[in-house]
Every structure is written in structure tokens, then in C-alpha cells.
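Data block below; observations after.
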Amino acid sequence: MTVIGRAVGQSVRLREAPERVTGRAIYTHDLVLPGMLWGAILRSPHPHAVIRAIDVSPALAMAGVVATLTGEDTADRYLNYGPAFADRYPLARSRVRFVGEEVAAVAAETPALARAAAAAIRVEYEPLPAVFDPAVAVAPGAPQVLHGPKLPWNVAQHTTADWGGVAEGFAAAAHVVEGRFEHGLVAPVCLETNGVVASWDDAAGTMDIWAGTQAPFFARKEVAHLLGVPRERVRLRSVHIGGGFGGKSQSPEPIGICALLARKAGRPVKIVLTRREEFLGGKTDHGKVMHLRSAAAADGTLLARHTDYLVDNGAFTHMGPAYISAVRQRTANLYRVRAAGFDGRLVYTNKVPGGSYRGMGAPQIIWAIETQVDELAERLGKDPLRYRQEIANRPGDVTPQGFRISTCPLVECLEEAGRRIGWEEKRANPKPWRGVGIAAMINPSVGVLYPEGNFANVALTLRADGTFLLGTQAADCGTWQNTVLAQFAAEELDAAVERIDVLHMDTAEAPDDLGSAASRVTFVTGGAAIDAGRRMKAEVAARLAALWAVPAEALEFAGDAVGLPGDNARRLDWPGVAALLGPIRVEGHHVIDLPRADPKTGYGHYAATYGFGAQAAEVEVDPATGHVRVLKVVVVQDMGRVINPAALEGQMHGGIVQGIGMALSEELVLQDGMPVNTSLITYRVPRIFEATEIDCAFIEQPDATGPYGAKAGGEHSINPTVAAIANAVAHATGIRFRRIPITPHRLRDALRRKEARRLDLQPWRRPYNLEVAAVRRLYPAIVFPALKKLGASLQRERPRVTDFDHERPANLAAAIEALNRPGRRAKLIAGGTDLLVGIRQGIYGPDLVVDIAGLAELKGIAVGDDVVRIGAGTTLAEITEDPALHAALPALAEGMELVATQQIRNVATLAGDLCQEKRCWFFRAALPCYKFGGAACPCYAITGDNRHHSVMGAGRCAAPCIADAAPILVALDATVIATDGRRERRIPMERFYRWSGETVLAPGEVMLAVEVPRAGPAQAYEKYAQWRGDFPEASAAVRLRQVGGRLAEARISLGGVAPLPMRPKASEATLLRDGLSDEALRAAAEKVVRGALPLRDNAAKLDMVVAVTERALRRARERLQARPQGEDERGAQE
Amino acid sequence: MHISLQVNGTPHRLEVRGAETLAEVLRDRLGLTGTKIGCNAGECGACTVVLDGRAVCACLVPTPRMDGAAVRTIEGVTPAEGLSPLQQALVEHGAFQCGFCTPGVVMSLTALFDRVRLPSEHEIRVALQGNVCRCSGYVRLIEAAKAAALRLAR
């Protein structure tokens, strides 16, 4: 037996690193085949509708369109064909069941043409009632989506189990905790959207596919099924994959569609989903309503747990049954529980079908369980960490669901996590608004979830030059899988790891493997790689033994060579072996061969072994805004043996930061089943400022069942993160959340319910509020439906454009001429960060864009003695980088640093910030709202998710002003200078916006510059946004001036809370009357919400705007007081 | 319209459409697929290139404007053989996984290092705030950037 460690246990670098860091790696998006066409998919705009007719002739009439595909072309074949659950065609037939469902596809010569042609297809729909909430879907009378065999409408599957003694456990309990836990849809958000290239060889009858899929095995099976050809005629090819996380598991829908389209077109076709399509039609995690009950004896022993789940299946069944099985196995296996029961219903709704996302439900279930463990600890008067150690699983345990626990250092993991976070000290002496929380996890290595079993095969070839090629069908989506598999083979052969190349995905070069999912590659495919190494050795030894006439057993594989120990003549390096014996190919196999669990109850040993771990999180809560900052996460993970520390640490970091997103910010927001936050601004994945310190440790107790003792690892990191953060938030605030993510709005709402003091809104101060409040009351039942109907016939059309003319005028006069050219729909473009995005969203439809980015007349910053003049076309980066401007107008310079990202600030202009369209997600989703479609249309924010909308001053449109510069320039008393080419107009910033937030600029008018009076440095801008650079939830700009030691002027302007920047005059008056004491500042800040009329979800913005106002006032006061004596008069000399 | 555009020092003459973006031209017309498109809305940073010394999202640059301009892409900052010190640091620190965001990260940091000799961690974060990475958790990205900055400053 050789000593393990030549390759295993080493931080071998990512093999694909050089290609990826240089941009040379080829992903599906990058592929171009000769003669290739571009495909585009037409998707349903309705959550539920009958398809009356589809007319593809307008698309086919377009020059350059080669083929169209509808449900008629797809034969009578379902996707994901399998025994009981097949319910979806590759393209809709006769009915659509969710917004985004694929209805037709087009292949054309260019991507733009394909998109235009898909949009030209005419589909006649008859809308049907739809259902989105799983709890409603199972109630009587709900709209009918689908149902499983012998089940009521909308139930796809119903599984129950009582693994014995649940009722007795609850009857005997000293403490019972019970709770309903909920979360919506979370998306994997791979940076590379789903894409596929399909190429059909008609003569040979074969199909080649390059695609982002984690499992070529399943993709191949699907394509063969849809095409009606033998599996062997379909080949999945190797390509780099830009992230998986479950989002590319099995066979993503575009693969089958693209294959069908390519065969019909007779040419290769490429389909790449847009980011919006990825949210609409890429599978999300399943939403869940989880009802948990846990019972404990007086000494803390967990007597029973019962879990009752409604799992949102979406409109079709994909991963749902596997998901039910995955969530069921989490009922009572983490911690010692005596008895357990489960009731799980998989429920159809008119939403995007659920898929798998890292953890497969575990992060949310563990959050619910760990919340209850904390609650029990509190009831029992025990420390949460010590209590967890008391009830932790231990080696040799058999759980109520039949898991047989082998290696299990859970107690040690908890201990070490506590030590590293400073548990004792931080629990005993918590700092205000700080908290630490702990949570544990269990994950199978690995679950037997596939009908095919759980097997892996690899091919290992010794090539003529003495290198090896390891072929695997499992796809490396970025996990370093290929590196780790090479390490296994190298270790087994005692060969240099560099000697082993890995080819992943290619079904022609590697035998079947179920692919990368469920953390299975290291554990299962790794076993196959070791087996391949073993077989290679046996084959080489047998052949050399015959040649050298020595016993095969005498040959030793060591030091990157093979030979007879002590005999230099009979020792060959690998090139020598290859030269002597020629190429050798072997296959390695590995099967997780366990007795199947009872299919009905799930009772049984589920996996070969189980990994355990603990995470501790420390958070800081801003009570004023509800913002949670994760200060640190400690992860201590039982890994059996660590194969590649660097790779594993990467998995830990990535999973934890995804967990931070899941805990605090990520959720799809739907309006009538349509996701409206389909952008990376509004679907808030963690960015670099959300990245936290992560302390990572592994406990190694090699497990006999794993490859070199390893356990699985890919999903473990995300599993306890949500729970650890939620428990830390509870420690910091005393609040236990029943819904994730814990957004600042929800946290603020919860804190407000605990606070005795209330903000005094005095809505009657704005008489208009009476009218608005009355209309809002009538909105759901009367106004909204009526306007929706009216708008459907009377709405203003906005042309959707795919191309436009672009002109670069030489000077301003030419630009104004172009802008006003008769018969054209011209728009100005400078940074383009609003216009180009808006065109793609369908909110702008110019046929001419007039490029003013380079015009010298619009550029430049001139800091004069009294006035600062900033050209309208000055970029935000130029504003932040100008030292003179910083000194003269610190509020503006600092404020612009908080806008968007470096890339955006580098091109976005001051005028663009002021004139950008509203960011209301209903408007940006091109819903026919008041702003989009005109006065006949409703405002979706009154009834929809309005957390980001205006809390004051809103009438028919509730979209707030999110231009950061707007409140700043109002507070600084700036003037906008605009021209129509004939005369210049000076517009005070305070009058720059109409009540609705539109600018007062005439259609042919161009903003030239902004002039800002210098009034001393006692000015400040404070903003609360969910991530640094995000649009403000609330912002406040302040300017103070003293004359003769007395406050002579206080200007405050608010952003993010009303359709236009608001000046809270009552607050200003308070300051002028009461001065700048802390109390006066607080009082003035609280008065900014006078006259507010919040909507259902945005009351938190009131607190946020009060908080940022107070902060801005304090900072401005500091600056006022920091000024040397005698200088305070300067600003007053106007 | 016709434009003359320099990419990584190589001049190109192209006929472009008004709506065509720099990202599309680089990828589809010039075959420079190292520049990735992750969102086509300026929100993810995968298409970051350097224009006039500044990091910009190529998906938001109208190509007609590029007449007479010079742009640097990931292909232009990669040595003919081996890796640049920045690339080397990213590899050594295991700073990325799937790699789809990585060219954009390299270009954002290239622009930063060209302007700031030894950037602070805060400046590094500001420079990368527009680059979404879903795999790495950013931790080792920051470490690698700091190490590269040190190496380049020496």
C-alpha cells in the first residue's frame, strides 16, 4: 500500500485556469460552426391561456429566416420523458401554463433577425384564470393547471410518512415549537446563461450538441428521445461551462428545441438565452411553504419532528419528485430525533417549473429546523451551541428515517466553529445590534436519487506519448471537478498529475455517467477514476510481466514510473511504457450500491455516508434601515479526506456567498406570474461589497466508503448558511423571521412592530392624499381591473426596435437639428447606460440615436469663485475624480461615487443620471402600466410588490425618483441650462421635474450644463441602497449655511421616496428655528415623512429616509463646525 | 456605417449597424470571444474592456461611436506566451472557478492598476463592484488582486 499524498490532498491548481484567465476558453456562447444559424424562442406572455392559433408565416416571410418550429413539429413527445411524471412538450401545444413557456422557435441568419422573426410570429391566446400560490392551488375552486395520476387538481405528487411514534412523541413533550416557514423562487444565476449549439448530419443521421449541461448523459437521452433516433447517434461535445449550481442540471429546455430546429433547418443552430429569458424560462429552485413542529422532553431530548410541505412545482414536473425525495430525507436526520413524520405535496402553479439549485432545498429546510433548535434551546435555558452538541448525531446512530451514520464529527465541528467565531464571548457580551448564530448541516454522500441507480464510469487512455487522457461524461461547470478527477487517477497510478489530461462531457470519448449534480462527482465519479487507475495498472502490469517474464504482482508503480524494485533495467517511465506497449484504454466503474429505501415512505439508508458541518455567522444590523451586514462566516466541515484544499475552499466560499444572497436579498418578484426583477440590479446577487470574511476549516476523518476517504462537498457550504445568518439576526434583534430573504424592508417592518415610538406621518397635511387613499382602496377590486381593460384597447403603443440609425453630429447645433428632424423618432445618447438598456426592454423605441458623447460643448467642469459649472455630458467618473469639485461640492462628488458601478460611472453622464427613465420594475418589464401605456392604464405598484416605490407624493404613477444627482442638485440650489438651439433656458433644479417625475425638458431640447452656486462645504449626501451602487431606497442631500454664527439656511432634498426630489419644508423650518442640536436634527429628520402615504410593502422607506436625513444633517453639521472661524460668511455673499 | 477601430493595436475597418454594440462586434465580427456577455445590460461586467484607459461594459458601447477609437480586450492584455502578472496572481490564488466572469475581472483590474499604483482593498472592491462572480465568493479574488497590485508596484 502506497502512502497517499502524491496528488491527493494537494492544492493542485485548476487545470483550465490558463485558458479561462486569458479568455481563450471556449464556452457554448463562443462557438461558431460553418453555416450556423441563430435560434430564438418565442415565449408565452400569459401565465395560463389556451392557444387558439399560431401563425408563423410573418416570420417565414422575412428574408434570412430559414425555419420555424412549433408544437406541431415536435411529434407527441414529452420532455424529460419518464414513467409517471411526463407532462410537458418541448414547445407548448394548445395551452400555455406559465409566463416564459416556449411556444415557438425560429432559426435565422443573425441573432437580431432570429429575435425579430420570433417576435413576428402571431399567436392567438385566450387567457385563463391562473394560480400562483401553492396554498391557493390546493384549495377548492382554484384554477386547474395539471394534476398527477389519481390526485386532485394541481397536486403532482403527495407523499406522507410516519416513521413511527410521532404522536406519542408530541404527547410526551415538555416543549413543542411550531412554525410556518416560507420562501419564494430563487434562481441559480449562472453567469453564462443557458446556451446550445446543435448540428445535424442528415447523411449519417447523427446529432452533435455543444451545450451548457451538467449531465450530457441526460441531455443525450432527451435529444435522442425528441428526435426519435437511437441514443448512440447523439453526441454531446466538450465545452467550457460558465456555472451550473443546478441551473444546468440534466437537459435544459433549449437543448431539445435547438436540436429539433437544427434538424428542421438542415444547418447548425445556436441558441443563447438572454438574461431575462434565463429568469423566465431557466428553472428556479422550488418555492416552499414549510410547516414544522418539533417536540422536546424536559431534558432537551428531541422526541419528535413533523414536517408538512407545500412544494411549488411550477407549471410542469421536472425536478419536483426528486425534490420531494430530497426534502423528505431532511426531516429528522440532523440531530438525534426519536420519531419523525412527513407530509409533502408537490403543487402545480402557473409559474416557471422548479428545478434544482445548490442544496436542493436544504438551505431553507435547515433554516427552519435550526430556527426551532434555537427556540427550543431558549425554552430549555440552554446555550444554542451546547444544546446542539447534546443532540448532535454521533457515529453509529441510526436515524428515525433509517440513515446509518458512520463517521460523524458533528460535535467537533460545532465546537471548532464556536471557537473560531468567539462564541462564548459574543453570546455573553453582545455588542448592540450585533449577533452571532450557529447552524449545522448533514448532506448525503451521495443520495441514491436516480432511477438508473447511481453509477459512474470513466475511460482512461495511456496515449502514445506517455500521457493519459481521462474521459468523463460528468461536466465541470467550474467546480474543479476535472482537476480532482486527475488527482485521483494520478494518485492511484502514482503518476505526476500533469501527466493526466481530462476530457469532460464528450459522450463519444467517455462511457455513461450521470453527470455533475447532487455533489456526486468527487464521491462517485472519483471512485470510477480510481478504479480506472487500478485497471490501468493491472493491464500494464500484466503486459509487462509477460514481456519481462516476471510475476505481475512484483511490479511496482511508483514515482511516475513502473518497474521491478531494485532492477533498473526493468523500470520504465510512462513514455517508455507507451512506446513499448502502445496505447492502452481501460474503463473504470463505480456504483453506489445500496439497498433502495422504501419507495413509499423513504425509510432506509439513503447514502453511502453523510457529511456533517457547522457554520457560525456574525452579523451587524443597522436598526435604522434594516440592513444586515454579514461580518464573518466560519465554516467547519467534515470532509472525510480533503482531496484538493484549494478547490474545496473555493466551493466553501462560493456556496456561503450564495447562501448570503439566499438569506438576505435573492428572490424573484412576480406580477401575475411574470418575474419583474429579471435583471442583476433588481435580482440582487451578492456583489463584492457583500463578500465577507470567511474562515474555513476541515475536519478529516477518512470515510471507508469514499474515494481515498473523501466525502462529497459541493453543496455543503450553502446548506447551513441561511440558518446561521438568521440565527445571528435573531441574536442581534430578537426577531425570528418566517420568511426569507430577510430583506431590509422586512427587517425594518419587524423592528417597527416592536418599537413603541411611531413616526408621525400626518397624511392629512397633503389634502391630495385623501383622494389618493380613496382611489387606492378601490384599486384591487375596481380601478385596477377597469384600467387594465381600458388600457388594453387604448394604450399608447411603444414601438419595439431591433435596429436604429446612429449619428455622431460634429457639434451641438447639428445634434439639435438631428434630434428635431421631422419624421424621425430621435433620442440622444451619451453614456447609453439607460437608453440602450431601455431599448432592449422595450421602453424606448427610437429609429435614430444622436450621439452627443463626444461633444466638447457639453463637457467640462469649471469651478469658479461663486459658481461651479458642470457640462451635461460630464461623466460621473469625471465628477468624482475632480479635486476642485470635491472641495467645492463635496455632496455631489461623494454622491456620484455611490452611483452604479465603475464601468457605468466611466460612461454615464450627469444629464443621463437626471434624465434617465424610472426604474419601476413593472415599467421596466414593459407591462402596460400608466407610465408605459398612458393615462388609460393602471399603476401596477398599487397592488403589486411595491417595496421600492414612492412613499409620498405619488398619484397615478408610484415610481420614485432614483437619480442620485437630483436631490443633491436640489439641495445645492442648482440650475439646469438647456437649449433648443435658438435660446438657452435656465431651469431651477427644483422645477426640473414635473409632479410625475418626468423632466420639463421639451422633446427637442438638450441639456447643456448644470450650474451650482458655491455655498460652503456644509453639505452632505447620504443614501441607503441594498448594495453599494444600487439605486437608492432613500437618500437625502443637505446644505447648511451660517451667517454670523447663526444658521441662515437649511436645504434638504430627498431622493428615492417620491416621484421627484422632495424638499421637506417643515424639517427645514425646524432647523432654522431650533438650530443644530442633536435633538433638533432628529426632530427635523423625523418630520421629512410628514404627509407621506406609504404603500403596502414600503413603509420601511419612511424609516430609511429619516435615517439618511439625520445622517446627512449630522455630516453637514460636522462640516459646518469643522470650518475655521470667520469663514462661514463666504457662502452668504451671493 | 463604416468605422475604423483599433483593437489591441490592430486596425480594423468595419461596416456596422447602429444598434450593434462593441461586445457584438468584438465577439461576432472579430472573433474575440474572450469578452463575454452575461447580461447585455451593463450589470454583470463580463464584457468589460478598456477604452481610453477606462473600464467600460462593451455591451453598452454603440459601435458607430468607435470610429477612430482604440480598445483593449482580454486578448490584448494576455502575453503571447504565458500569463501577465495579474493573470498569474489570479491563477495562483484560485480566484475563479467557471471563469466566465474572469476576463471582465482582468480588464477591470487592468484599468485600475493603470491608474492607481498600489490600490487599497477598498479601491479594488470599488473597481470590481460591477463584476458579478457567482462561483468564487470574491474572497480569493480580492486576495489575488492585492497580491497582483503588490507585484506590479515593485
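The chains referred to below are lettered A, B, ... by the order of the sequence lines, with proteins before strands, and numbering in each begins at 1.
In terms of heavy-atom pairs under 4.5 Å with chain A, the best-connected choice from B:V106, B:T102, B:L90, B:V126 is B:V126. Counting heavy-atom pairs closer than 4.5 Å to chain A, the top residue among B:H122, B:E24, B:Q97, B:E92 is B:Q97. Note on B:G31, B:S136, B:A19: by heavy-atom pairs under 4.5 Å with chain A, the leading option is B:A19. The candidate with the highest count of non-hydrogen atom pairs below 4.5 Å against chain B, out of A:M652, A:E807, A:E690, A:E649, is A:E649. Per-residue heavy-atom pair counts under 4.5 Å with chain B were compared for A:D30, A:L680, A:V837, A:V657, and the maximum is reached by A:D30. Ranked by non-hydrogen atom pairs under 4.5 Å with chain B, the options A:G661, A:C477, A:A830 are led by A:A830. Among the candidates A:S679, A:G1029, A:A25, the residue making the largest number of heavy-atom pairs closer than 4.5 Å to chain B is A:S679. Interface summary for chain A: among B:K36, B:R17, B:R140, the most heavy-atom pairs under 4.5 angstrom belong to B:R140. Most heavy-atom pairs under 4.5 Å with chain A, from the set B:C101, B:P103, B:G130: that is B:G130. Most heavy-atom pairs under 4.5 Å with chain B, from the set A:P686, A:G832, A:A877, A:P18: that is A:P686. When the candidates B:V132, B:T21, B:I142 are compared by the number of heavy-atom contacts under 4.5 Å with chain A, B:V132 comes out ahead. Counting heavy-atom pairs closer than 4.5 Å to chain B, the top residue among A:I829, A:V32, A:V849 is A:I829.
For the salt bridge (charged side-chain N to carboxylate O under 4.0 Å, His left out) test, residues two or more places apart in sequence or in another chain that qualify with B:R54 are A:E881.
Side chain to side chain, B:H2 and B:E15 meet the donor-acceptor criterion of an N or O pair below 3.5 Å. Side chain to side chain, A:T880 and A:E897 fail the donor-acceptor criterion of an N or O pair below 3.5 Å. Inspection of the A:S516 and A:D476 side chains reveals no N or O donor paired with an N or O acceptor under 3.5 Å.
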Could you walk me through whether B:Q129 and A:R687 pass the side chain to side chain donor-acceptor pair (under 3.5 Å) check?
CA-CA 6 Å; B:Q129 150 204 38; A:R687 288 172 181 258; over 6 Å; no

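Using a 4.5 Å cut-off between heavy atoms, B:T48 touches chain A through its side chain atoms alone. In this structure, the portions of B:R65 lying under 4.5 Å from any heavy atom of chain A include both its backbone and its side chain. Residue contact with chain A, scored on non-hydrogen atoms closer than 4.5 Å, involves the backbone and the side chain of B:D67 alike. Interface remark: B:A127 contributes backbone atoms only to the contact with chain A (heavy atom separation under 4.5 Å). If you measure heavy-atom distances from A:R905 to chain B, the contacts under 4.5 Å come from the side chain alone.
Residues of residues 74-87 of chain B that come closer than 4.5 Å to chain A, counting heavy atoms only, are B:I74, B:T78, B:P79, B:A80, B:L83, B:Q87, ordered by residue number.
Ring to ring, A:H240 and B:F100 are not that close: their centroids are 6.0 angstrom or more apart. Ring centroid separation for the pair A:Y357 and A:F245 does not come in under the 6.0 Å cut-off.
Looking only at distances, no side-chain donor or acceptor of A:E19 sits under 3.5 Å from a matching main-chain atom of A:R24.
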